[in-house]
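To start, the structure under review is shown below, and the notes come after it.
Being a predicted model, the structure only gives us computed values, none of them experimental. Basis for what follows: all heavy atoms, side chains included, without hydrogens, waters or symmetry-related copies.
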Amino acid sequence: LILDNNDLAEIPRELCNLHHLTRLDMTNNVLRRLPGTIGSLTSLETLILRRTNLIELPGTMGELRRLTTLDLMECERLNALPYSLCDIATFQAPLVRGIPALTNLLIDDTFMQSPPPTVISEGIQGIYDFLNLNRVASETGFFEFVQRNLSEVPVSLYTQEMSAVTALNLASNHVSEISNIISTLGNLTSINFDHNLLETLPAGVSGLSSLARLSLKGNPLKRLPLELGGIPALKFLDLDPQIELEVPPKEISRKGGAAILSFFRKISDAEYSGSMP
């Protein structure tokens, strides 16, 4: 069924009743979303959504078990894939990845952020691994993506599906900057950013009220935010031995994480009470 170039803003509801439909081409329409009932097209093998205005895909995409081709090229507003896509596999079991059945997945790494471009460059198996990782993390609370050449924190972490993640390990990547959006991950108790390219952290870390351990070893750190002292649960700040920072001053930073947290908390307490120590 070819419905390209029709200026369609949505898929006709009746279309989702075509259970024997094997090919659907919606190229160059103004679609923003697909209906959740898209999953009822269980015979669909090819879905072309090129040059549409899609901003997200429904989780029911994973029900398209016969889908082998999904074309999302030139979808400039679509920046994340649902992890349910990894359900389109020839073998499935809880928390176990399958062999990709969706062998022809066309996505534009100019606009896609999750999976990130470095993962997209690994091909379909890398993409499936990443999506499955997101699914496992949403169920176990543990997100680990080590030595994968990431340049930024995956945006998938900031979705509602990931709100229960308590442990984050992105060690040995190339992350040089962290967004203030990290403050939304209020359930995190442990973060490992060892061996990245961080020079500082955002003030938004103050929103990580449950954080108990933060590891930043092997980063070219220059300064740490005072807001770290405002996280009451934070007991362990792991840094390189004898690290010399601009903030706090090297006389403090050389003493290690415990001394830094104590220093920051004294300043915070003094500011709160209105008198500096």
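Contact check for P58 versus I38: side-chain heavy atoms found under the 4.5 Å cut-off. Side-chain contact check for C16 versus P35: some heavy-atom pair is nearer than 4.5 Å. L197 is not listed as a side-chain neighbour of N173, based on a closest heavy-atom distance of 4.5 Å or more. Using a 4.5 Å heavy-atom cutoff, the side chains of N134 and M162 are in contact. Side chains of L224 and L239 form a contact here, defined as non-hydrogen atoms less than 4.5 Å apart. Side-chain contact between L221 and L245 is present, with at least one heavy-atom pair separated by less than 4.5 Å. Counting heavy atoms from C-beta on, the side chains of T42 and R65 never come closer than 4.5 Å. Here the side chains of F193 and N169 are not in contact, with every heavy-atom distance at 4.5 Å or above.
In this structure, CD1 in I252 is found 8.5 Å from CD1 in I260, a value given to the nearest 0.5 Å. Between the CG atom of L64 and the OG atom of S84 there is a distance of 9.0 Å, given to the nearest 0.5 Å. A distance of 11.0 Å separates CG of L157 from OG of S138, quoted to the nearest 0.5 Å. The OG atom of S253 lies 11.0 Å from the CG atom of L237; values are rounded to the nearest 0.5 Å. The distance from the CD atom of Q125 to the OG1 atom of T103 is 12.0 Å, given to the nearest 0.5 Å. How far CG of D87 is from CG of L67: 12.5 Å, rounded to the nearest 0.5 Å.
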Practice problem: Show your working on side chain to side chain contact (heavy atoms under 4.5 Å, CB included) between L228 and L261 and close with a plain yes or no. | Solution: CA-CA 7 Å; L228 285 177; L261 291 176; 4.3 Å; yes
Exercise. Applying side chain to side chain contact (heavy atoms under 4.5 Å, CB included), run through L214 and L234 and close with a yes or a no.
Key: CA-CA 8 Å; L214 173 61; L234 186 56; 4.1 Å; yes
Self-check item: Residues N104, T68; criterion side chain to side chain donor-acceptor pair (under 3.5 Å); working and verdict
Solution: CA-CA 6 Å; N104 193 23; T68 59; over 6 Å; no
Quiz prompt | Step-by-step side chain to side chain contact (heavy atoms under 4.5 Å, CB included) determination, R13 to T37 | solution = CA-CA 8 Å; R13 186 174 304 176; T37 51; 5.8 Å; no
Practice problem: Kindly determine whether I88 and L70 satisfy side chain to side chain contact (heavy atoms under 4.5 Å, CB included), including the steps that lead there. | Solution: CA-CA 11 Å; I88 306 175; L70 176 60; over 6 Å; no
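Two different hydrophobic clusters hold V155 and V205 under the rule that ILVMFWY side chains link at heavy-atom gaps under 4.5 Å. F142 and L185 are assigned to two separate hydrophobic clusters, defined by single-linkage of ILVMFWY side chains at heavy-atom distances under 4.5 Å. Transitive grouping of hydrophobic side chains (ILVMFWY, heavy atoms separated by less than 4.5 Å) brings L49 and L1 into a common cluster. Tracing side-chain contacts under 4.5 Å through hydrophobic residues (I, L, V, M, F, W, Y), one never reaches L133 starting from V146; they form parts of separate clusters. When the side chains of ILVMFWY residues are joined at heavy-atom separations under 4.5 Å, either directly or via intervening members, L170 and I181 end up in a single hydrophobic cluster.
The pair E45-R66 fails the salt-bridge criterion, with no side-chain N (NZ, NE, NH1 or NH2) lying under 4.0 Å from an Asp/Glu carboxylate O.
Of the possible polar contacts, none joining the N187 side chain to the V165 backbone as a donor-acceptor pair under 3.5 Å is found. In this structure, D129 contributes its side chain and I127 its backbone to no donor-acceptor pair below 3.5 Å. The backbone N or O of L188 sits nowhere less than 3.5 Å from a side-chain atom of T166 that would complete a donor-acceptor pair. Of the possible donor and acceptor atoms, one in the side chain of S210 sits under 3.5 Å from a partner among the backbone N and O of G186. For N219 (side chain) and L216 (main-chain N/O), a donor-acceptor pair under 3.5 Å exists by modelled atom type. Not one N or O on the side chain of N53 forms a donor-acceptor pair closer than 3.5 Å with the backbone of I55. The backbone N or O of Y128 sits nowhere less than 3.5 Å from a side-chain atom of Y83 that would complete a donor-acceptor pair. Listed for the T46 side chain is no donor-acceptor partner under 3.5 Å among the backbone atoms of T69. In this structure a side-chain-to-backbone donor-acceptor pair under 3.5 Å is missing from S262 to A258. Between the D240 side chain and the G218 main chain, a donor and an acceptor come within less than 3.5 Å of each other.
Nearest heavy atoms, S179 versus P202: O-CG, 3.8 Å. Across P82 and L57, no two heavy atoms sit closer than the pair CD-CB, 3.8 Å.
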Check residues 18-31 and write down every donor-acceptor pair under 3.5 Å in which the side-chain atom is one partner and the other belongs to a residue at least two apart or another chain.
residue: H19; atom: ND1; partner: S40; partner atom: O; Å: 3.1
residue: D25; atom: OD1; partner: T27; partner atom: N; Å: 3.0
residue: D25; atom: OD1; partner: T27; partner atom: OG1; Å: 2.6
residue: N28; atom: ND2; partner: N5; partner atom: OD1; Å: 2.5
residue: N29; atom: OD1; partner: N6; partner atom: N; Å: 3.1
residue: N29; atom: OD1; partner: D7; partner atom: N; Å: 3.0
residue: N29; atom: OD1; partner: L8; partner atom: N; Å: 2.8
residue: N29; atom: ND2; partner: L3; partner atom: O; Å: 2.9
residue: N29; atom: ND2; partner: M26; partner atom: O; Å: 2.9
residue: N29; atom: ND2; partner: T27; partner atom: O; Å: 3.3

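Counting only residues at least two apart or on different chains, no salt bridge (charged side-chain N to carboxylate O under 4.0 Å, His left out) pair has a member in residues 149-168. The salt bridge (charged side-chain N to carboxylate O under 4.0 Å, His left out) analysis of residues 101-122, with sequence neighbours excluded, yields the pairs E122-R148. Residue pairs meeting the salt bridge (charged side-chain N to carboxylate O under 4.0 Å, His left out) criterion with at least one partner in residues 247-259, sequence neighbours excluded, are E244-R254. A salt bridge (charged side-chain N to carboxylate O under 4.0 Å, His left out) check over residues 166-183, counting only residues at least two apart or in different chains, returns nothing. Within the structure, side chain to side chain donor-acceptor pair (under 3.5 Å) contacts touching residues 194-205 (residues at least two apart or in different chains) are D194-S215, D194-K217.
The salt bridge (charged side-chain N to carboxylate O under 4.0 Å, His left out) search around R213 returns D238, not counting sequence neighbours. E246 pairs by the salt bridge (charged side-chain N to carboxylate O under 4.0 Å, His left out) definition with R223, not counting sequence neighbours. E76 is linked by a salt bridge (charged side-chain N to carboxylate O under 4.0 Å, His left out) to nothing, counting only residues two or more places apart in sequence or in another chain. For R32, there are no salt bridge (charged side-chain N to carboxylate O under 4.0 Å, His left out) partners two or more places apart in sequence or in a different chain. Every residue meeting the ring-ring contact (aromatic ring centres under 6.0 Å, His included) condition with F145, not counting sequence neighbours, appears here in chain and number order: F130.
Grouping Ile, Leu, Val, Met, Phe, Trp and Tyr residues whose side-chain heavy atoms lie under 4.5 Å apart, directly or via other members, places M73 in a hydrophobic cluster with L106.
Exactly one residue among M61, E10, E56 makes a side-chain contact (heavy atoms from CB on, under 4.5 Å) with L34. That residue is M61.
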